[in-house]
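The figures here come from the full heavy-atom set of this structure, side chains too, leaving out hydrogens, waters and symmetry mates. We count residues from 1, following the sequence as given.
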Amino acid sequence: MATLYVRNLPDDLYAKLQELAASEHRSINAQVITLLEQALNTETQQTEDERRKNVPKLLEEIRLRRESR
């Protein structure tokens, strides 16, 4: 497994992280991993949702190109 070091983490951000970890009964390390996973999953999900929204538009463009030939 990889190791990640974070430098110059603001004290107030670290304090919030400590509080959140304690409220979730996790270590700070486990909390950071959880937050990163959630953030990356959210980003991936949004991308998939955007792709799904574009499918009808892409299909219409394909149809129009075929008709113009």
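- By the neighbour-count criterion of 12 heavy atoms within 6.0 Å, atom CG of Asp12 is densely surrounded, having more than that number from other residues, nucleotides or ligands.
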Would you give me the side-chain donor-acceptor pairs under 3.5 Å for residues 26-35, sequence neighbours excluded?
residue, atom, partner, partner atom, Å
Arg26, NH1, Gln31, OE1, 3.2
Ser27, OG, Ala30, N, 3.0
Thr34, OG1, Ala30, O, 2.9

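- Note on Leu17 and Leu13: same hydrophobic cluster, where clusters join Ile, Leu, Val, Met, Phe, Trp and Tyr whose side-chain heavy atoms are under 4.5 Å apart, directly or indirectly.
- Residues Leu40 and Leu4 do not share a hydrophobic cluster, defined by chaining ILVMFWY side chains whose heavy atoms lie under 4.5 Å apart.
- A salt bridge is defined here as a Lys NZ or Arg NE, NH1 or NH2 lying under 4.0 Å from an Asp or Glu carboxylate O, and Glu60 with Arg63 meets this definition.
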